[in-house]
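The model shown is predicted, which means the values in this text are computed figures rather than measured ones. Residue indices begin at 1 and follow the sequence shown. Below, each value reflects all heavy atoms present in this structure, side chains not excepted, and no hydrogens, waters or symmetry copies.
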Amino acid sequence: MTENQQQEVGAEPVPEDGPGESSGIPNNISDEDAFRILWEMKMNKRQKRPSLPDTVTELTTEEGSKVYIVGTAHFSDSSKQDVVKTIQEVQPDVVVVELCQYRISMLKMDEETLLKEAKEINLEKLHQAIKQNGVMSGLMQMLLLKVSAHITEQLGMAPGGEFREAFREASKVPFCKFHLGDRPIPVTFKRAIAALSVWQKIKLAWGLCSLSDPISEDDVEKCKQKDLLEQMMAEMIGEFPDLHRTIVSERDIYLTYMLKQAARRTELPRASETEPRKSIPSVVVGVVGMGHVPGIERNWDRELNIQEIMSVPPPSTLSKAVAFAAKLTFFGLLGYSCYCISKRTVRIILSVPATQYCLQRLSQMGQ
């Protein structure tokens, strides 16, 4: 996959502001003048010395592009405010968020729907996760969703609010694009599962299943300074170095790569094809969990190749056997449940007086 293709895979452009009354531009001017006015409006709003929150880290590329990384907590109102303020101050050319195409739906759902979705973990979601990621990876994904649902239920707040704010604010900035910067979640889960031994998988699954401690008001306040979800996950995977590598370190590399791709020079908007192409250094805002910021800083000046961390190793013989056993157990229990239900249903039907009368009449007719 080439660099340009990789950029397109993880990008969803936000509709750009066009000429019209909503932009404060008269309808009777030419496209060329409209583009020029919009660009000037954007440049006038862009602060040369922006006043940014403490959660923002500024990085620079060799071409002179500036990247402002907002380190967020996924369950924090203050993180939403940091994202809004940063985008309004720097008027970026590109906004990159820590999402992949498999999680893009959270950008368009309202808070109430997301809150309900996050709390509900059912057989349909389990089947979808297994179909998408395989048995072991699907089960692990559901366990991680359970952790997220536990926090959601305790805090009464749906995750990803900072990404939805970034999406909304980016749509207000003329000529701003919106990129998805995270590695596809099926790749992450499959690589994570492949990195663990059978015993480690069982141990991790048990730890995730038993995670149900209540979250106090102090923990809620700490969410404003630290990502509670990432902190809980760090505590869980701390004893599994290979898991930390696949879930955190490799994604640090991928996020860094995508941010650097987004920070290539920006081609200035043209009113017509005859107008010569011009480009300037870009301004990029990255919205990522604060746990990824140190890793992005470490990888920023390195030559990165994401081909290796995008590959999924084939499952081992033991993993195949465990997956087969899990499938066999699942369908066996499902079949037995259906048998018990049908058997009970038949008994109930036969016990109904009307059914007994009909059977008796049929018996008499046969004689």
Side-chain angles (χ1 to χ4, degrees), residues 10-12 14 53 55-56 68-87 92 94-121 125 128-129 132 141-172 176-186 188-189 215 219-220 222-234 247-248 251-252 254-255 258-259 262 285-293 296:
E12 177 176 315
V14 172
T55 54
V56 177
Y68 299 93
I69 303 174
V70 188
T72 67
H74 296 315
F75 291 87
S76 171
D77 283 330
S78 61
S79 286
K80 299 180 192 177
Q81 296 166 12
D82 291 349
V83 169
V84 171
K85 181 174 177 58
T86 303
I87 292 176
V94 185
V95 172
V96 182
V97 295
E98 184 199 329
L99 288 176
C100 67
Q101 61 266 41
Y102 293 92
R103 293 177 287 161
I104 194 173
S105 59
M106 73 161 54
L107 294 175
K108 299 175 182 178
M109 289 186 184
D110 59 75
E111 198 80 13
E112 185 177 345
T113 304
L114 276 166
L115 198 59
K116 183 180 178 181
E117 285 284 321
K119 289 180 180 180
E120 291 182 355
I121 298 178
K125 287 186 178 180
Q128 186 178 358
Q132 180 178 305
Q141 180 179 348
M142 292 308 295
L143 289 173
L144 292 174
L145 281 175
K146 177 182 178 292
V147 177
S148 179
H150 170 63
I151 301 174
T152 298
E153 188 173 3
Q154 293 285 312
L155 299 183
M157 182 187 300
E162 73 275 30
F163 302 138
R164 290 187 290 282
E165 288 296 338
F167 185 75
R168 281 191 285 266
E169 287 301 316
S171 67
K172 301 174 186 177
C176 181
K177 295 180 180 179
F178 192 86
H179 287 192
L180 306 174
D182 202 1
R183 182 172 64 178
I185 198 168
T188 297
F189 278 119
I215 300 172
D219 291 327
V220 176
K222 288 177 183 176
C223 281
K224 297 176 182 178
Q225 280 76 42
K226 194 165 185 180
D227 192 328
L228 184 60
L229 177 59
E230 291 195 5
Q231 181 184 359
M232 294 174 75
M233 288 307 304
I247 291 182
V248 181
R251 288 173 61 223
D252 289 345
Y254 191 93
L255 287 164
M258 294 302 290
L259 285 165
V285 170
V287 182
V288 304
M290 58 180 63
H292 289 291
V293 177
I296 292 172

For this session: Report the residues that fulfil side chain to side chain donor-acceptor pair (under 3.5 Å) with Arg103, sequence neighbours left out, ordered by chain and then residue number.
Result: Asp182

Exercise. Distance from His179 atom NE2 to Leu99 atom CG, nearest 0.5 Å?
Worked result: 14.0 Å

Problem set entry | Shortest non-hydrogen separation from Ile247 to His292 and the atoms involved | O-CE1, 4.3 Å

Seminar exercise, completed: Correct closest heavy-atom pair for Val97 and Ala166 would be CG1-CB, 4.0 Å

Exercise. Considering only heavy atoms from C-beta outward, does the side chain of Leu107 approach that of Phe178 to under 4.5 Å?
Worked result: yes

Exercise. Could you state the interatomic distance from OG1 (Thr72) to CD (Glu165), rounded to the nearest 0.5 Å?
Worked result: 12.0 Å

Problem set entry | Gap separating the CE atom of Met258 from the SG atom of Cys100, nearest 0.5 angstrom | 11.0 Å

For this session: Quick one: pull up CZ in Arg164 and CZ in Arg168 and give me the separation to the nearest 0.5 Å.
Result: 7.0 Å

Exercise. For the side chain of Glu98 and the backbone of Gly289, is there at least one donor-acceptor N/O pair under 3.5 Å apart?
Worked result: yes

Exercise. How many angstroms lie between atom CD1 of Ile296 and atom CG of Leu259, to the nearest 0.5 angstrom?
Worked result: 5.5 Å

Seminar exercise, completed: Sequence neighbours excluded, the answer for side chain to side chain contact (heavy atoms under 4.5 Å, CB included) partners of Val56 is Leu52, Pro53, Tyr68, Val70, Thr86

Exercise. Which heavy-atom pair separates Tyr254 from Gly181 by the least distance, and what is that distance?
Worked result: CD2-O, 3.2 Å

Exercise. Quick one: does Val95's side chain get under 4.5 Å of Cys176's, heavy atoms only?
Worked result: yes

Exercise. Below 4.0 angstrom, N of the basic side chain to O of the carboxylate: do Lys85 and Asp82 qualify?
Worked result: no

For this session: Show the numbers, then the answer: is there a side-chain contact (heavy atoms from CB on, under 4.5 Å) between Val285 and Val96?
Result: CA-CA 6 Å; Val285 170; Val96 182; over 6 Å; no

